Structure formats: structure tokens, C-alpha cells
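Starting from 1, each residue takes its place in the sequence as its number. In this text the structure is predicted, and so the values were computed from the model without any measurement.
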Amino acid sequence: MITNRSMQARMQSVSTCLTSGARPLGALLAGGLGTAAGVRPALVAGALLLVVPLVVLARSPLRGLRQMPETPDPPDVPGTVVPAPGPAAATDASRERSMDGGAP
């Protein structure tokens with residue numbers, strides 16, 4: 001699923017928080033494995049685990065993706081008001097174009 005532009009910063013902060021929070025847990029598990037099995041097997045296990053995301057990405061449809069798909073229009077929800085485009089919308093659109101090199 002593609003994240004709307006207005007939610008991308010929140011998605012990035014959640015992703016950063018999750019990966020940063022997983023580091024101490026990974027360090028604890030790696031230390032436990034190094035203590036129980038030895039340093040060399042722990043390093044081999046870590047190296048093999050680093051290959052897993054590469055395999056997942058290689059087998060996913062993302063490999064053939066050449067451009068981002070268009071985001072679908074939000075569903076019409078009764079009782080919601082959609083603001084009319086005005087000067088602020090034009091400013092936001094020009095700001096978006098300037099951030100990604102002028103591509104629409």
C-alpha cells in the first residue's frame with residue numbers, strides 16, 4: 001500500500017522507532033547466542049540472517065517496479081467536507097514539484 005504524502009513523515013517516524021527499538025533486543029539475543037554457541041556460530045547466524053531481506057526483496061514484485069503507482073482517490077464518506085482548491089493548494093503543489101525534481 002502506498003502512503004499518502006501527508007502521512008509519510010509519521011510512517012517514517014514509526015519505522016525508525018521500530019528499528020531503533022529492535023536493536024537492543026537483537027544485541028541481547030546475539031549476546032546470548034554468542035555465549036551459548038560461541039562467537040563464530042553467532043557471527044555465521046547473523047550473516048545468514050542478513051541475507052533473508054535480500055531474498056525476500058528479490059522474490060517480491062518490487063523488483064519490477066519502475067515508478068510509483070498512482071495513489072487511489074479517498075473513498076467518499078458521508079458528512080465529510082472536501083476543501084476547495086485555493087491559493088494554499090497551489091502553493092502545496094508547487095512545493096511538492098520542487099521536492100521531487102519537478103516530476104508530477
Side-chain angles (χ1 to χ4, degrees):
M1 184 166 141
I2 304 297
T3 305
N4 293 335
R5 288 185 188 267
S6 63
M7 295 295 290
Q8 286 181 354
R10 289 183 186 181
M11 290 295 295
Q12 180 62 37
S13 65
V14 167
S15 174
T16 301
C17 187
L18 288 175
T19 56
S20 297
R23 286 180 185 166
L25 179 62
L28 182 65
L29 291 174
L33 182 61
T35 301
V39 175
R40 194 173 302 244
L43 288 173
V44 170
L48 291 175
L49 284 173
L50 287 175
V51 174
V52 171
L54 295 175
V55 172
V56 169
L57 284 175
R59 296 184 51 87
S60 76
L62 290 176
R63 187 174 178 191
L65 188 65
R66 297 293 178 246
Q67 65 181 7
M68 293 296 285
E70 295 295 322
T71 56
D73 291 332
D76 291 330
V77 178
T80 59
V81 177
V82 178
T91 305
D92 289 341
S94 64
R95 191 177 312 133
E96 288 175 8
R97 280 193 303 272
S98 66
M99 290 173 63
D100 60 4

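- For the residue pair A42 and A30, the shortest heavy atom distance occurs at CB-O, 4.5 Å.
- T16 places no side-chain N or O within 3.5 Å of a backbone atom of S13 that could act as its donor or acceptor partner.
- In this structure, CG on L33 lies 11.5 Å from CG on L28, to the nearest 0.5 angstrom.
- Here CZ of R59 is found 14.0 Å from CG of L54. Values are rounded to the nearest 0.5 Å.
- The backbone N or O of C17 sits nowhere less than 3.5 Å from a side-chain atom of S20 that would complete a donor-acceptor pair.
- The side chain to side chain contact (heavy atoms under 4.5 Å, CB included) search around L65 returns L62, P69, not counting sequence neighbours.
- When every heavy atom of R66 is checked against every heavy atom of R63, the shortest pair comes out as NH1-O, 3.2 Å.
- When each of V52, L57, V51 is paired with V55, the side-chain contact (heavy atoms from CB on, under 4.5 Å) condition holds for V51 and for no other.
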